[in-house]
Amino acid sequence: MIELGSYVGGKWVRGKGKAATLVNPATEEALATTSTEGLDFAGALAFAREKGGPALRAMTFTQRGEMLRAMSKAIHGKRDELLSMAQANGGNTRGDAKFDVDGAIGTLAAYADLAPELGDGHVLPDGDAVQLGRSARLFGQHVWTPREGVAVHVNAFNFPAWGLAEKAATALLAGMPVVSKPATSTALVTHRMTEILVEASAMPEGALSLVCGSAGDMLDLLGGQDVIAFTGSSVTAATLRAGPSVVTRATKINVEADSLNGAVLGPDVETGSDVMNLFVGDVVREMTQKTGQKCTAIRRIYVPRAQVAAVLELLSERLAAVKVGDPTQEGVTMGPVATAQQLRDVCAGIEKLTSAAKIVLGSSSRVEGLGAPAGKGYFVTPTLLHAAEPRSGDAVHEHEVFGPVATVMPYDDVASLVRLVAAGGGGLVTSVYSDDKDFLRGVVLGIGPHHGRVMIGSSKVAGQSLPPGMALPQLLHGGPGRAGGGEELGGRRGMALYMQRTALQGDRALLEMLAGRK
Ligand code: NAP
């Protein structure tokens with residue numbers, strides 16, 4: 001069995017004491033153990049701040065972009081090995097594993113591409129200079145400079161590769177060193193990625209550290225120049241927000257949490273049309289990809305009342321064809337959920353939804369997986385529910401089941417539809433499918449304040465549409481309320497978390513020089 005270490009202080013170290021065990025969720029076979037007990041967290045943070053920070057800040061944006069390119073290439077070079085690991089430790093089909101690993105490679109490359117746009121300097125101007133006095137000499141100019149602390153990245157279990165890369169890409173390009181802490185249960189891929197990056201000498205010493213296992217008291221040791229970027233459940237997020245670093249030392253924190261993402265079918269969309277096919281394809285993919293364990297997966301489906309029966313039939317037919325089992329076996333199209341706890345949570349969550357909805361397809365019980373040993377594996381089947389009279393405050397609008405589960409609901413008009421979608425309490429993404437411009441204006445602008453992203457599927461883009469569940473480096477990832485109130489990615493917008501915006505007042509020519517404009 002592999003014993004995983006953490007990469008801190010510029011070397012690999014192993015924790016002592018009781019270790020956590022990482023398993024294959026299709027077979028329950030133990031794969032690796034890890035522990036962070038006894039690790040010198042204060043020393044690890046200091047090394048990142050004192051070695052990694054200055055080295056990164058000495059690099060220009062262009063040089064940091066070259067570093068991200070080297071990181072992307074190093075991971076790409078070991079892609080097959082990482083895909084196999086994701087299958088073993090994450091229960092991923094090969095397609096699921098590609099979504100994660102290729103997402104990591106692509107996001108690092110996208111930020112490498114962004115670097116030249118930032119100029120070959122160290123400072124980012126924020127908007128134009130503004131005249132402050134009566135003469136044209138006294139001006140004000142906002143600038144961004146990298147924070148001088150360390151960025152601690154705490155990630156969820158579902159994206160061990162992309163989670164590391166998407167957060168590290170923005171922080172490193174901004175000039176901040178990173179300590180990455182993956183979820184323990186699926187850390188195998190993140191551990192190997194870190195090994196690959198270290199072996200390739202892709203970053204300067206101290207720029208990237210890995211804590212593989214429990215975070216212990218590490219977050220309590222952070223200060224006012226440090227950053228926490230968290231992805232995970234809203235329950236853990238609430239604990240982290242109440243931590244002493246955040247509360248008393250104003251450590252900056254960004255939260256990406258739960259989301260009851262919606263899909264809305266417009267009243268103009270006819271069965272057999274390109275837009276209907278896009279809608280059905282998106283719903284089925286978002287329900288089943290990564291066994292529904294995506295923060296952006298579709299949980300709530302709103303359909304004009306007259307079309308509910310037809311949509312339930314279309315979706316049920318497609319979902320019934322999904323083959324659940326060991327993802328390494330031929331023909332299997334959906335793997336298990338990631339852990340025994342996830343299995344319990346998903347089954348209990350479906351039960352909870354039945355207080356407001358009826359199960360149309362699937363069940364709230366574990367099933368046997370194709371090609372898996374009898375009685376082993378954390379398998380559930382795609383489960384579609386129907387809530388005939390949805391209401392704000394019911395379980396469908398309150399509870400995120402983090403598995404292959406979604407509920408179809410009717411709506412009667414735009415105003416009540418917007419109220420229901422907003423009843424999710426703030427989300428990462430909702431997709432709206434229609435060619436009716438008046439309907440789209442009402443819905444998209446109505447739900448806009450409740451979402452970080454809205455995807456519009458129309459006949460003009462049906463052939464080239466990107467899935468709503470795919471977080472893109474160019475667009476913001478995050479959302480208000482339940483989704484955590486955070487913002488990641490979105491090109492240079494995601495770098496703001498890792499930089500301080502300072503207003504400069506003074507002589508115009510001097511400010512332009514300091515802002516890197518002259
Ligand atoms: P989780 O239980 O909240 O764990 C997330 C991370 O927090 C893990 O790395 C975990 O470490 C760590 N953690 C837990 N307690 C901690 C503490 N007291 N101090 C420091 N770190 C702590 O969430 P999960 O089960 O991994 O992920 C599923 C949830 O994440 C879902 O609700 C999903 O919606 C959400 N999610 C959101 C996004 C997004 O972008 N908005 C993306 C993916 C997932 P250990 O594993 O070592 O316990």
Side-chain angles (χ1 to χ4, degrees), residues 4 6 15 19-22 34-37 41 89-90 99-100 103 152-164 166-167 179-188 190 210-222 228-246 251 253-261 290-299 337-346 349 399-403 405 424-429 451-453 469-472 476-489 494:
L4 304 179
S6 291
T21 304
L22 286 66
T34 190
S35 166
T36 58
E37 211 181 300
F41 287 125
N89 187 207
F99 192 67
D100 186 21
V152 178
H153 292 165
V154 180
N155 278 314
F157 70 83
N158 53 347
F159 284 102
W162 178 79
L164 167 82
E166 59 104 16
K167 283 187 170 63
V179 172
S180 192
K181 191 224 122 18
T184 304
S185 56
T186 57
L188 204 56
T190 324
L210 173 78
V211 167
C212 195
S214 166
D217 67 350
M218 178 170 62
L219 301 183
D220 299 346
L221 306 174
L222 299 176
I228 301 170
F230 170 77
T231 295
S233 67
S234 50
V235 177
T236 309
T239 309
L240 301 197
R241 283 190 212 271
S245 310
V246 177
T251 301
I253 182 165
N254 188 78
V255 170
E256 300 292 339
D258 314 350
S259 183
L260 297 166
N261 311 295
K290 288 203 139 256
T291 318
Q293 300 166 114
K294 283 195 319 193
C295 52
T296 48
I298 292 169
R299 310 288 176 204
V337 293
T339 62
Q341 185 60 45
Q342 258 294 102
L343 176 64
R344 285 192 288 275
D345 288 351
V346 169
H399 188 66
E400 179 201 47
V401 183
F402 207 56
V405 183
L428 297 171
V429 58
H451 289 81
R453 183 161 57 94
M470 182 185 279
L472 298 162
L476 277 180
H477 176 61
R482 184 193 301 275
E487 285 191 349
E488 286 183 340
L489 300 174

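Worth knowing before you read on, the calculation uses all heavy atoms, side chains too, and leaves out hydrogens, waters and symmetry mates. Atoms within a ligand are numbered from 1 in the order they appear, just like the ligands themselves. Because the structure is predicted, anything quoted here is derived from the model rather than measured. One-based numbering along the sequence shown.
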Please list, one pair per line, the donor and acceptor atoms closer than 3.5 Å that link side chains of residues 236-243 to other protein atoms, with sequence neighbours excluded.
residue	atom	partner	partner atom	Å
Thr236	OG1	Ser233	OG	3.1
Thr239	OG1	Val235	O	3.3
Arg241	NH2	Gly484	O	2.8

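A donor-acceptor contact closer than 3.5 angstrom links the side chains of Lys167 and Thr231. Remark: the Asn158 side chain and the Lys290 side chain contain no N/O donor-acceptor pair separated by less than 3.5 Å.
Applying the side chain to side chain donor-acceptor pair (under 3.5 Å) rule to Gln341 yields the partners Arg344, Asp345; only residues at least two apart in sequence or on another chain are considered. Listed by chain and residue number, Tyr498 satisfy the side chain to side chain donor-acceptor pair (under 3.5 Å) test with His153 (two or more places apart in sequence, or in another chain).
A distance limit of 4.0 angstrom between heavy atoms and ligand 1 selects the residues Val154, Asn155, Ala156, Phe157, Asn158, Lys181, Pro182, Ala183, Thr184, Ala215, Leu219, Phe230, Thr231, Gly232, Ser233, Thr236, Leu240, Glu256, Ala257, Asp258, Cys295, Glu400, Phe402, Leu428, His477.
Distance alone, capped at 3.5 Å, places no donor-acceptor pair between the Thr296 side chain and the Met470 backbone.
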